[in-house]
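Sequence lines set the chain letters: A, B, ... in the order given, protein chains first and strands last, and positions in each chain run from 1.
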Amino acid sequence: MANYWLMKSEPDVFSIDQLKKDKKSLWDGVRNYQARNFMMNDMKVGDLVLFYHSNAKPPGVAGLAKISKEAVPDPTQFQKNGEYFDPKASKENPRWFCVEVAYKNKFKELVPLDDLREKKGLEDMLVIKKGQRLSIQPVTKKQFDIVCKMGGL
DNA sequence: GCCAACGTTGGC
DNA sequence: GCCAACGTTGGC
């Protein structure tokens, strides 16, 4: 039974176009325990993902991705001079994990956050809730299907 | 650039 | 284990 997710990324840092170009990518740099736990415990290969552009004009869902590899230790936590270095993590005892995601497709047009807010059936989506900063969120199949349709799929 | 909401850290 | 201080996220 597949699960569905929404994953946020700032397009200036990593966009759907970049994923399309790279085909697949480690979802590294996540430094939030709740988000990590979703990747570590709940994400399975084949799960589908709404790729969300945050801090964008406008913010919204840009396309779809799919989980292509289950969680592995996030290599960026060991990179001493990197932005995501964590001095409390060790190879023997890694603190952060990340999954690999593969490009699936890009919506013809971005589905803006404002439209998600207004759409019937999406009232319970976490992403439209005020103050919801979690960068990886579970999504129901129903919500996923509605957003896909809004994206023209 | 502002700032509300939230998560994390560390002193006690 | 509380909670104030601080840092970050992310819409606006």
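Of the charged side-chain nitrogens involved, at least one lies within less than 4.0 Å of a carboxylate oxygen, so that A:Asp114 and A:Arg117 count as a salt-bridged pair.
With hydrogens and angles disregarded, no donor-acceptor distance shorter than 3.5 Å links the side chain of A:Asn37 to the backbone of A:Gln34. Judged by distance alone, the side chain of A:Gln77 and the main-chain N or O of A:Pro94 form no donor-acceptor pair under 3.5 Å. A side-chain donor-acceptor contact under 3.5 Å links A:Ser68 to the backbone of A:Glu100.
A residue-by-residue look at A:Asn32 and A:Lys88 shows that A:Asn32 has its nearest nucleotide of DNA chain B further toward the 5' end.
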Subject >> nucleotides 4-12 of chain C: protein proximity per nucleotide (B base, S sugar-phosphate only, - neither; heavy atom, under 4.0 Å) >> reply: ---BBBBBS
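Of the N and O atoms on the side chains of A:Asp74 and A:Thr76, at least one donor lies less than 3.5 Å from an acceptor on the other residue.
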